[in-house]
Amino acid sequence: MTDGVGIWLYAVTVDGGAADELGNVTGVAGEAVRVVVSNSLAAVVGTVPLEVFGKEPLRRNLEDLTWLEATARAHDTVVSAVARRGPAVPLRLATVYLDDDRVRGLLDERRADFESALTLVTDRTEWGVKAYGDRAALTAVVAEAKSTSSNRGAGTAYLLRRKAQLSAQETVERDAATRADEIHEHLVRHAAAGRRQAATDPALSGRQDWMVLNGTYLVDDERTDEFVSTVGELGKEYPGIRLELTGPWPPYSFAGVEQEPL
């Protein structure tokens, strides 16, 4: 590819499948998306201007949160469209190659990795579960649990409750972490795979809530209802912890095949 344009990669899928049905889906530059095929694999790509999406312009633009958000949304729109139509390996945001031949080279060089990733995500979807702690509510719950075992007189019972409250205040973060571990382990048992991610940066999310779990789970499509129901049950089982379910998402957390643009 020449004349100041490059190739933006969105996802890799199987040839003859999802990519043939994308219709009017457009990409990060408003461009029509297309496929670059090599044997059984198809890369979903778009042709973009290098004056905006070349290496140096990208370095600057990725520091602009407004530009980054809009570009990430456009990228996800294409990836999600592919994933809704069949197995898809999402490519990292801002993966740009110079021409179609280099894209074919990627497909050939990493064929085994892409085929393995496509097998992993076939008939599975990613879901996100975030858990937010309420310090006051969680402290009260822990304190109540520590003090209810006592069967003393009123004065002694008061002192024990007060001692339990102070102890709970000191250990609230550890207690929240323990509950987050239990929730994650429980959810993993209802998924094909699960990962804990770093807590979302408040500067990016715009939320100041106390996040104690940021989990992603690869769930068999036929077990989706079971997984969603489990999240609801866990939300009732752990007072002081609020669970937030998001999805379905393309398998960003489980199908990534790291690659460097040429």
Fill in the blank from the handout: Looking only at heavy atoms, the pair that brings Glu244 and Arg242 closest together is OE1-NH1, 3.8 Å
Practice task
Give a yes or no on whether the backbone of Ile241 and the side-chain of Arg179 come within a donor-acceptor separation of less than 3.5 Å.
Solution key: no
Practice task
State, yes or no, whether a side-chain contact exists between Thr230 and Arg189 at a heavy-atom distance under 4.5 Å.
Solution key: no
Exercise for the section: First locate atom CD of Glu233, then atom NE2 of His186, and finally report the distance between them rounded to the nearest 0.5 Å. Expected result: 7.0 Å
Handout entry: Evaluation steps, side-chain contact (heavy atoms from CB on, under 4.5 Å), between Thr224 and Thr125
Key = CA-CA 9 Å; Thr224 296; Thr125 305; 5.7 Å; no
Handout entry: Main-chain N/O of Asp225 paired to Ser229 side chain as donor or acceptor, under 3.5 Å
Key = no
Practice task
For residues Ile7 and Arg34, determine if any side-chain heavy atom of one lies less than 4.5 Å from a side-chain heavy atom of the other.
Solution key: yes
Exercise for the section: Please report the C-alpha distance between Arg102 and Asp99 in whole Å, then the side-chain angles of each, then the deciding distance to 0.1 Å, and finally whether the salt bridge (charged side-chain N to carboxylate O under 4.0 Å, His left out) criterion is met. Expected result: CA-CA 6 Å; Arg102 287 174 170 80; Asp99 54 41; 2.5 Å; yes
Practice task
Please round to the nearest 0.5 Å and tell me the distance separating atom CG of Leu234 and atom CG of Leu245.
Solution key: 11.0 Å
Exercise for the section: Could you check Asp181 against Arg196 for side-chain contact (heavy atoms from CB on, under 4.5 Å), going step by step and ending with a plain yes or no? Expected result: CA-CA 10 Å; Asp181 289 343; Arg196 297 188 66 165; 2.5 Å; yes
Problem - Residues Lys130 and Asp209 bridged, charged N to O under 4.0 Å - result: no
Exercise for the section: Identify the heavy atoms of Val44 and Leu22 that sit nearest to each other, and give their distance. Expected result: CG1-CD1, 3.8 Å
Handout entry: Any side-chain heavy-atom pair of Ser40 and Arg111 under 4.5 Å
Key = yes
Problem - Beyond-backbone contact of Asp134 with Tyr132, side-chain heavy atoms, under 4.5 angstrom - result: no
Completion exercise
Heavy-atom nearest pair, Pro251 first then Ala88, reads CG-O, 3.4 Å
Practice task
Would you please test Val96 and Lys55 for side-chain contact (heavy atoms from CB on, under 4.5 Å) and show each step?
Solution key: CA-CA 8 Å; Val96 180; Lys55 186 174 181 178; over 6 Å; no
Problem - With Thr216, the side chain to side chain contact (heavy atoms under 4.5 Å, CB included) member among Trp127, Phe254, Trp249, Tyr252 - result: Phe254
Practice task
Examine Leu68 and Val48 and state if one hydrophobic cluster contains both, with Ile, Leu, Val, Met, Phe, Trp and Tyr joined whenever side-chain heavy atoms are less than 4.5 Å apart.
Solution key: yes
Exercise for the section: Check for a donor-acceptor pair, side chain of His75 on one end and backbone N or O of Leu91 on the other, with a separation under 3.5 Å. Expected result: yes
Fill in the blank from the handout: Between Tyr10 and Gly27 the two heavy atoms that sit nearest each other are OH-CA, 3.1 Å
Completion exercise
dist Ser80:OG -> Arg73:CZ (nearest 0.5 Å) comes out at 11.5 Å
Handout entry: Heavy-atom closest contact (Ala191 atom, Leu218 atom, distance)
Key = CB-O, 3.4 Å
Exercise for the section: Please round to the nearest 0.5 Å and tell me the distance separating atom CZ of Arg124 and atom CD of Glu222. Expected result: 9.5 Å
Practice task
Decide, yes or no, whether a salt bridge links Asp101 with Arg104 under the criterion of side-chain N to carboxylate O below 4.0 Å.
Solution key: yes
Problem - Nearest atoms (heavy-atom pairs only) where Leu107 meets Val36 - result: CD1-O, 3.6 Å
Handout entry: Straight-line distance of Leu243 CG to Ile183 CD1, nearest 0.5 Å
Key = 5.0 Å
Handout entry: Carboxylate-amine/guanidinium contact Arg223 Asp123, below 4.0 Å
Key = no
Exercise for the section: State, yes or no, whether a side-chain contact exists between Val82 and Val33 at a heavy-atom distance under 4.5 Å. Expected result: no
Practice task
Verify, without hydrogens or angle tests, whether Glu31 (side chain) and Ala29 (backbone) share a donor-acceptor contact under 3.5 angstrom.
Solution key: yes
Exercise for the section: Identify whether the distance between the nearest side-chain nitrogen and carboxylate oxygen of Glu56 and Arg60 falls below 4.0 Å. Expected result: no
Practice task
Report yes or no: do Leu50 and Val52 belong to one cluster of Ile/Leu/Val/Met/Phe/Trp/Tyr joined by side chain heavy-atom distances under 4.5 Å?
Solution key: yes
Exercise for the section: Evaluate the side-chain contact (heavy atoms from CB on, under 4.5 Å) criterion for residues Thr13 and Arg85: first the C-alpha distance (whole Å), next the side-chain angles of each, then the deciding distance (0.1 Å), finally the verdict. Expected result: CA-CA 10 Å; Thr13 183; Arg85 291 162 172 80; over 6 Å; no
Problem - N/O donor-acceptor pair under 3.5 Å between Thr178 side chain and Arg174 backbone - result: yes
Exercise for the section: For the pair Phe53 and Trp8, name the ring-plane relationship: parallel under 30°, tilted 30 to 60°, perpendicular over 60°. Expected result: perpendicular
Fill in the blank from the handout: dist Tyr217:OH -> Leu187:CG (nearest 0.5 Å) comes out at 4.5 Å
